Amino acid sequence: MSQKTSEMNGPERVRSTAGWHNAPAFTGLSQSVLQEIDERSIRRSFGEGGIIFLEGDPVAGLFIVESGTVKISRFSKDGREHIVHFLQQEATFNDVAVLDGGPNPVTAIAHTAATVSSITRDELQNVARHYPELGWALAQSIARRTRFLVNQVQDLSMRNVRGRLAGLLLEEAARAQEQTISRVLTQDDMAARLGTVRDVVGRALRGLAADGIIQFDRHQIIILDINRLSVEADV
């Protein structure tokens with residue numbers, strides 16, 4: 001991808017206001033640490049489709065989603081996208097690059113209009129020198145990210161597309177806390193996230209519908225039988 005970072009409000013930036021205080025990754029940190037991070041952070045707003053940072057560029061810092069949805073992706077040499085995950089409010093990202101100092105390992109895109117806050121690697125190191133507890137919190141964040149990626153590898157190697165799709169629908173239902181899933185994810189998005197192509201996802205969705213497990217209703221997917229869907233996902 002060769003697009004430039006696209007900020008909805010131009011280059012103007014304003015200081016963050018306490019977004020980090022609610023980050024699950026930083027649960028347990030003292031208020032003094034969180035306040036220090038806030039004071040060194042920058043907030044930016046992006047329109048839908050705006051590039052927050054690109055894979056392979058120099059480390060952009062540690063980020064947190066303050067509002068909206070951010071898509072984390074990797075791209076093959078031929079431009080094919082693989083969606084790693086979608087992040088929403090209070091989720092942090094790019095911790096790998098900010099810790100090892102290497103280039104951004106992924107591309108971050110505003111899937112919807114989104115506001116994010118970020119702190120540079122140098123600023124984060126300065127805070128960690130004064131507050132060693134921050135280092136442990138970051139280590140735990142990396143451990144959780146590693147566990148997530150291990151589970152993704154297992155999904156790709158051990159479950160077929162129908163099973164992976166069932167798992168994805170269960171995740172979306174859990175996130176929405178209901179069995180009606182808004183069609184925010186297109187079939188292209190689902191395919192990119194599941195490591196397949198749109199046509200295969202479409203067949204799998206139609207198969208689940210034909211078996212009475214899900215139902216389509218305009219721009220929504222309704223889970224009719226969550227127990228059978230769980231069996232399909234092998235969870």
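None of these values were measured; they are calculated from a predicted model.
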(message) I'd like to know if Glu232 pairs up with Arg164 as an ion pair, taking the criterion as any Lys NZ or Arg NE/NH1/NH2 lying under 4.0 Å from an Asp or Glu carboxylate oxygen.
(response) no
(request) Run the numbers on Val201 and Val197 for side chain to side chain contact (heavy atoms under 4.5 Å, CB included), then give the verdict. (result) CA-CA 7 Å; Val201 168; Val197 295; over 6 Å; no
(message) Taking side chain to side chain donor-acceptor pair (under 3.5 Å) as the cut-off, I'd like each qualifying pair that reaches into residues 198-210, sequence neighbours left out, listed once.
(response) none
(request) Walk me through it: do Arg121 and Asp95 pass the test salt bridge (charged side-chain N to carboxylate O under 4.0 Å, His left out)? (result) CA-CA 9 Å; Arg121 184 170 189 260; Asp95 33 9; over 6 Å; no
(request) Scan side-chain atoms only and decide if Ser73 and Thr107 contain a donor-acceptor pair under the 3.5 Å cut-off. (result) no
(message) For Ile119, run the side-chain contact (heavy atoms from CB on, under 4.5 Å) check against Leu124, Val98, Ile64, Ile42 and tell me which one passes.
(response) Leu124
(message) Quick check: is Val161 connected to Val231 through a chain of hydrophobic side chains (ILVMFWY, heavy atoms under 4.5 Å apart)?
(response) no
(request) Using a strict 4.0 Å threshold on nitrogen-to-oxygen distance, state whether Glu81 and Lys71 make a salt bridge. (result) yes
(request) Before giving the answer on side chain to side chain contact (heavy atoms under 4.5 Å, CB included), spell out for Leu29 and Trp136 the whole-Å C-alpha distance, their side-chain angles and the decisive distance to 0.1 Å. (result) CA-CA 10 Å; Leu29 287 180; Trp136 182 248; over 6 Å; no
(message) Under a plain distance cut-off of 3.5 Å, with no hydrogens placed, do Asp189 and Thr186 share a side-chain donor-acceptor pair?
(response) yes
(request) Grab the two heavy atoms, one from Ala204 and one from Leu165, that are nearest each other, plus how far apart they are. (result) CB-CD2, 3.6 Å
(request) Report the hydrophobic cluster partners of Leu224, with the cluster defined as I, L, V, M, F, W, Y residues connected by side-chain heavy atoms closer than 4.5 angstrom, directly or transitively. (result) Ile222
(message) Run Glu171 and Arg193 through salt bridge (charged side-chain N to carboxylate O under 4.0 Å, His left out) and show every step you take.
(response) CA-CA 12 Å; Glu171 287 176 19; Arg193 189 164 170 185; 2.9 Å; yes
